[in-house]
Amino acid sequence: MAENLTRNLARNPAENPELKNVYVGRADVDAAGDRGWLLGHFKPLGDVRHSEDVEIKWGVHPRGDERAQWVTGEHRTALLILISGRFRVELPGRSVVLAEQGDYIVWGHGVDHSWHAEEESVVLTVRWPSVAGYAVPAPGDGSAVPGRGAENGSAEDGRPAFS
C-alpha cells in the first residue's frame, strides 16, 4: 500500500488538494540526494519539509567515518538514535557507544561533541532549532565542506552538516 501511495502522490498531488502539504519518500533515497538531510531550514520554502524549528537527518556512515573536528559552542539540542551498526559519540570526558538498535543519546546547548562510526552505521538525528551556518572547514584552505558536521562557520549553501 505504501508503494501505491508514493506512486499516487508523485503522479497526482494536484488532484487531491488535501495532500499538497504531504511528502512521501524513502529516507535512504532522499538522504543520498541531500547529504542525509530530510527536513530543516535548508529545504525550499513551500516544501512541507522546510522547518525553522527542527532538522532531521538519516545518516549512513561507513566503518571508520568520523567528524573532521569537534563541534564547539553548540546552540542546538540533539537526539541521535542508532538504527543499525555501532556508533560512538564523544563528549568532554566521556565516550558513549550506541551498540543496539534503538540506543540513543540526547545532548543540549553548549555540549561539545564529536563522533565515530565503529562499524557501518545508520543513525537518525533530530536537532532543534534548525540553525544555518554550521560547517567544517576543508583541510588546508579554510573553506566549508558541505555535509561534514558543524563548527561555527558558514557553509556555502547554508545547509547544516551532521553533528
Would you please name every residue forming a side-chain contact (heavy atoms from CB on, under 4.5 Å) with [X], sequence neighbours left out?
| X | value |
| --- | --- |
| Val126 | Val54, Ile56, Leu79, Trp128 |
| Val60 | Trp58, Val122 |
| Val48 | Asn21, Tyr23 |

Any idea which heavy atoms bring [X] and [Y] closest together, and the distance?
| X | Y | value |
| --- | --- | --- |
| Lys43 | His50 | O-ND1, 2.6 Å |
| Arg76 | Glu74 | NE-OE2, 2.6 Å |
| Ala78 | Arg127 | CB-CG, 3.8 Å |
| Asp30 | Leu38 | CB-CD2, 3.8 Å |
| Asp65 | Trp115 | O-CZ3, 3.4 Å |

For [X] and [Y], indicate whether the former's side chain and the latter's backbone hold a donor-acceptor pair under 3.5 Å.
| X | Y | value |
| --- | --- | --- |
| His61 | Ala117 | no |
| Ser130 | His41 | yes |
| Glu55 | Val131 | yes |
| Lys57 | Arg35 | yes |
| Arg26 | Asp28 | no |

Note, Val96 side chain near Leu91 side chain (heavy atom, < 4.5 Å):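 Side-chain contact under 4.5 Å: yes.
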Test item: Trp107 and Val89 side chains (from C-beta on) under 4.5 Å apart, heavy atoms: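 SC-SC contact between Trp107 and Val89 confirmed.
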Contacts of Gln101 that satisfy side-chain hydrogen bond (donor to acceptor under 3.5 Å, both in side chains) - sequence neighbours left out: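 Partners of Gln101 under the side-chain hydrogen bond (donor to acceptor under 3.5 Å, both in side chains) test: none.
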Step-by-step side chain to side chain contact (heavy atoms under 4.5 Å, CB included) determination, Leu80 to Leu98: CA-CA 9 Å; Leu80 187 144; Leu98 307 178; 3.3 Å; yes
Residue pairs, two or more places apart or on separate chains, that pass salt bridge (charged side-chain N to carboxylate O under 4.0 Å, His left out) and touch residues 99-116: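 Those involving residues 99-116 do not exist here.
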Salt bridge (charged side-chain N to carboxylate O under 4.0 Å, His left out) against Glu90, all qualifying residues, sequence neighbours excluded: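 For Glu90, the residues satisfying salt bridge (charged side-chain N to carboxylate O under 4.0 Å, His left out) (neighbours in sequence not counted) are Arg88.
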Those residues that, when tested against Arg49, pass salt bridge (charged side-chain N to carboxylate O under 4.0 Å, His left out) (two or more places apart):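 Partners of Arg49 by the salt bridge (charged side-chain N to carboxylate O under 4.0 Å, His left out) criterion, ordered by chain and then number, come out as Asp47.
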Euclidean distance, Arg63 CZ relative to Arg86 CZ, rounded to 0.5 Å: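 Separation between the atoms: 10.0 Å.
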Spatial distance of atom OG (Ser95) from atom NE2 (His116) [nearest 0.5 Å]: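 Here the interatomic distance stands at 10.5 Å.
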